[in-house]
There are 2 protein chains.
Amino acid sequence: MAHARGYCAGVAVISPDLLAALRAAVGPTAVLVDPDVTVSYQRDMMPLAEAGVPGAVVLPADTAQVQAVVRACAGAGVPIVPRGAGSGLSGAANAVDGCVVLVTTRLDRILEIDPDNRLAVVQPGVVNLDLRDAVAKHGLFYPPDPSSYDWCTIGGNLSTNAGGLCCVKYGVTTDAVLGLEVVLADGEVLRTGRRTVKGVAGYDLARLFVGSEGTLGVITEATLALRPLPQAPGTLVAAFGATDAAGAAVSRVVREGVVPSLMEIMDATSIAVVETYLRTELGAGRGCAALLICQSDAGGEAARAELAVIEQVCRDAGAELTHVTFDPAESAMFLTARRAVLTALEIYGAWLTDDVCVPRTRIAELIAGCERIGAEVGLRIAVVGHAGDGNMHPTIVYDPGSADEFARARTAFDEILALGMELGGTITGEHGVGRIKRDWLAREIGPIALRVHREIKAALDPGNLFNPGSMFSSSGR
Amino acid sequence: MAHARGYCAGVAVISPDLLAALRAAVGPTAVLVDPDVTVSYQRDMMPLAEAGVPGAVVLPADTAQVQAVVRACAGAGVPIVPRGAGSGLSGAANAVDGCVVLVTTRLDRILEIDPDNRLAVVQPGVVNLDLRDAVAKHGLFYPPDPSSYDWCTIGGNLSTNAGGLCCVKYGVTTDAVLGLEVVLADGEVLRTGRRTVKGVAGYDLARLFVGSEGTLGVITEATLALRPLPQAPGTLVAAFGATDAAGAAVSRVVREGVVPSLMEIMDATSIAVVETYLRTELGAGRGCAALLICQSDAGGEAARAELAVIEQVCRDAGAELTHVTFDPAESAMFLTARRAVLTALEIYGAWLTDDVCVPRTRIAELIAGCERIGAEVGLRIAVVGHAGDGNMHPTIVYDPGSADEFARARTAFDEILALGMELGGTITGEHGVGRIKRDWLAREIGPIALRVHREIKAALDPGNLFNPGSMFSSSGR
């Protein structure tokens, strides 16, 4: 569990007129104002980001209710912070003082699954896993699978352009988006995109809203492209005595032209905590510095051939141990181990996970750098990540009761971002900017791109109604 | 050859001051003003669209020269029409009277190919085929392959978000874009996107510029994601006595969860003209109403298995003849036949190709509708298209010397768009809006989305410098 931390201001109140308008918009039971209740909607899972006190939390049940909330808030000049399940890791769903938190979890219907055109139409409050399960019944697959897939919502996934473990082969959320319905700052409903596979009628507005972290509008419906359900995967595990050998193996797999359906890396710290937590042996052996977990979902001989190439590459790169399995239970066990890292780290304290994405050739350097940074700040840093696409999650463990450790964790967090940029990477591969990486965004994209961001924000949300101060400051400060 | 047609105003002149500034910007030999020369840069390949007379044509050789041209034109209040090779089919590169046509063909360098990170950095004037050939030497693949791939440029592909035959499996141009460099309306250089596989730092500006048809800036560099070079394809050809049987086969292939690397359809008219033109038999036999050409590049047994599934589906749907080949020459022959349709139609007159994309379940209805429309207007309409993604190119043949036939061709063109929308499709799957479908864009996306387009255009190009009147009118008329 990430621990709430950071800046919390006092009690925020909302005007009686706006309160009445919100109650009229969504019904009295869907407007929450009790601070003991609204505190649950104050922040996401990122402990570093500041969070204000919401004036109210509203839970609309349809697009018309979202429109009414937006119009009421716009009229009153009160900002709206859109929110899904709150599983985010950047503070993008964190309240600002006196705002209205607009929660989309009640917009939770799968409106349509169309197997012949391989698409689904969903509301934003649908839980990722529920969509996956529903389409699987039709032999279909919705790829994006963030770690929180069993509780995060599609709306949050869209707003952050979420990734996951599947991205190396199947891309991120934006790659699955065909069309969107969005409530704009003046309460009008924008429908953009299409139901067809291809379409170039006008600007790609759908992909502008995807990843915009709730700063441009409230997504109320999405048309999503699906894929055929892949074959049950075969799994390869390779243990390396040195992280640079594991890094070299990743580059070499890319060069060999094999595209695994999953390619995860765990460093020594991650392996150790998971073995302790799950009370199991991952078979990495003593002195294992890094474990690569690769899958192929190509099926049958094709999967065996892909994994054989990867196995050979790993051996050539110096893997001390490789193991291939097509046993579903064993495959699942390795995935469970990979997914357990963050939870396992809670044995040692609170965690703070970073999200740099580097060129795949620089993974080993990133891991080595994180080791160095960990030593410098005197904190445990476990590196785990999506090696196949270079998106790494160095995770810093600290004592939440110690202000000093918290400060050192923050230092490490920033140093990892600097390192990621130095290696030609980005400050965020899939978690987003939110309130925690605002200054870093400016540093990464530079003044011209920042200006273009502000121009687009001002054009679509001139009153700065939506999620003000998230991603970047609109004021030009 | 499409014949130039439409609205051409008189001679346009450019002020001596601007001319001097342009010559200073790009050098005197790279500024063309002789009307006999500039006429070649007046329009693209779409005969219906209006085209004005350019005041000058400039051919900058680097980003700094593009900046200087943009600043000079912005200062003089003279619009810029960005242009690649001019292979477009929407009039998006057509001149407006007195404008400066900014041609990017001299920005033709492949700056980098990075096999370990599977990316290329290119200038916009690189010809699509040249990039394909260059990356193939590294075992890599740049998928987008519009029909004009042997002469169209990457800049034009980016501006129109071009597709091609590969899209059913590999997506369109935007799916290959990692980052862009763009010269903005004030001459500043925007760098957006990244070199990493994933990245969510800020708005997805790169994908906003992709497909914006030169209305928001001039793309001067692109970082493109590459894929491993696929295996040599196996090819299946299936002949159907009825188009609805072919349409049913397409839907059924989608439902079976097979993703061919290519899935093209040719109707009876297309087959007949190609057989005449190439003096070959496609083996479709008498009474063939539609031919499906499918490929699998999965390699070896996987390809055989995929094509076997598709073959069975085609037979079940009523195919009268199926043929599978792994002979590269025979595979290439079928592709040549498919790609020859437009050229072959020139035996009968000029052609006017449409570009609707419909849900894959509605392909047969679209073909039947085109047959009906052709009968109504008394013109030959050949339907050819990317069946795997529903993107169809009904192509109307008319006598360019007959104003009456031209008018009827235009009527048919519009009726096909109306039909595409009626079937739940879009007015353009890959060619774009340009000057020819501006009114149709408004009809498809509606007033709210159109307003958002105008807001974004006004935010990024407040002086309406870039390609004014293309895609939509900025004035709100």
Side-chain angles (χ1 to χ4, degrees), chain A residues 115-118 139 160-161 163 167 172 174 188-190 192 194-205 207-208 210-212 228 251 254-255 257 259 301-302 357-361 389-391 424-430 432-433 441 444-445 448-449 452-453 455-456 458-460 471, chain B residues 115-118 139 160-161 163 167 172 174 188-190 192 194-205 207-208 210-212 228-229 251 254-255 257 259 301-302 357-361 389-391 424-430 432-433 441 444-445 448-449 452-453 455-456 459-460 471:
Chain A
D116 285 331
N117 291 299
R118 272 198 217 124
T160 57
N161 192 11
C167 309
V172 294
T174 198
E188 294 283 1
V189 174
L190 168 72
T192 184
R194 55 190 199 275
R195 286 174 66 93
T196 53
V197 181
K198 291 161 77 178
V200 292
Y203 297 156
D204 193 348
L205 298 182
R207 279 171 161 159
L208 178 62
V210 173
S212 66
S251 296
V254 174
R255 195 181 261 269
V259 182
E301 278 315 302
C357 189
V358 296
R360 288 170 285 202
T361 44
D389 45 37
N391 187 191
T426 173
I427 54 158
T428 174
E430 57 184 11
V433 176
L441 177 77
E444 175 169 330
I445 70 176
I448 304 297
V452 173
H453 276 71
E455 287 166 350
I456 289 172
L460 298 191
M471 193 183 285
Chain B
D116 285 331
N117 290 299
R118 271 198 219 125
T160 57
N161 191 11
C167 310
V172 294
T174 198
E188 294 283 2
V189 173
L190 168 71
T192 183
R194 57 191 198 276
R195 285 176 67 93
T196 53
V197 182
K198 292 160 77 178
V200 291
Y203 298 156
D204 192 348
L205 298 182
R207 279 171 162 160
L208 178 62
V210 173
S212 66
L229 199 60
S251 296
V254 174
R255 193 180 263 268
V259 181
E301 279 313 303
C357 189
V358 296
R360 287 170 284 203
T361 42
D389 45 38
N391 186 192
T426 172
I427 55 158
T428 175
E430 59 184 9
V433 175
L441 177 76
E444 176 170 329
I445 70 176
I448 304 297
V452 174
H453 276 70
E455 287 165 350
I456 289 172
L460 297 192
M471 193 185 284

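Remember, predicted model here, so these are calculated numbers, not experimental data. Reminder, nothing fancy here: chain letters follow the sequence lines and each chain counts from 1. Scope of the values below: all heavy atoms of this structure, side chains included, with no hydrogens, waters or symmetry mates.
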So what's closer than 4.5 Å to chain A heavy atoms on B/E430: side chain, backbone, both or neither? both
Under 4.5 Å from any heavy atom of chain B, what part of A/C357 do you find: side chain, backbone, both or neither? both
What is the minimum heavy-atom distance between A/G202 and B/L441, and which atoms define it? N-CD1, 3.5 Å
If you round to the nearest 0.5 Å, how far is NZ of A/K198 from CG of B/N391? 4.0 Å
Is it the backbone or the side chain of A/V358 that comes under 4.5 Å from a heavy atom of chain B, or both, or neither? backbone
Least distance between heavy atoms, B/A459 atom then A/A459 atom: CB-CB, 3.8 Å
Any A/R207 side-chain heavy atom under 4.5 Å of B/T174 side chain: yes
Run the numbers on A/I445 and B/T192 for side chain to side chain contact (heavy atoms under 4.5 Å, CB included), then give the verdict. CA-CA 7 Å; A/I445 70 176; B/T192 183; over 6 Å; no
For the residue pair A/V197 and B/C167, establish whether any side-chain heavy-atom pair is separated by less than 4.5 Å. no
Can you list everything that forms a salt bridge (charged side-chain N to carboxylate O under 4.0 Å, His left out) with A/R255? Sequence neighbours excluded, please. B/D116
Got a second to check how far A/I456's CD1 is from B/I456's CD1, nearest 0.5 Å? 6.0 Å
Once rounded to the nearest 0.5 Å, what's the spacing between atom CZ of B/R360 and atom CZ of A/R118? 5.5 Å
Which portion of B/S212 sits near chain A, non-hydrogen atoms under 4.5 angstrom: both
Give, as side chain, backbone, both or neither, the part of A/L205 having an atom under 4.5 angstrom from any heavy atom of chain B. side chain
Distance from A/T361 atom OG1 to B/N117 atom CG, nearest 0.5 Å? 3.5 Å
Residues which pass salt bridge (charged side-chain N to carboxylate O under 4.0 Å, His left out) with B/E455, listed by chain and number, not counting sequence neighbours: B/R451
I need the minimum non-hydrogen distance between A/T160 and B/V200, along with the two atoms involved. O-CG1, 3.8 Å
CZ on A/R194 to CD1 on B/I427, rounded to 0.5 Å: 12.5 Å
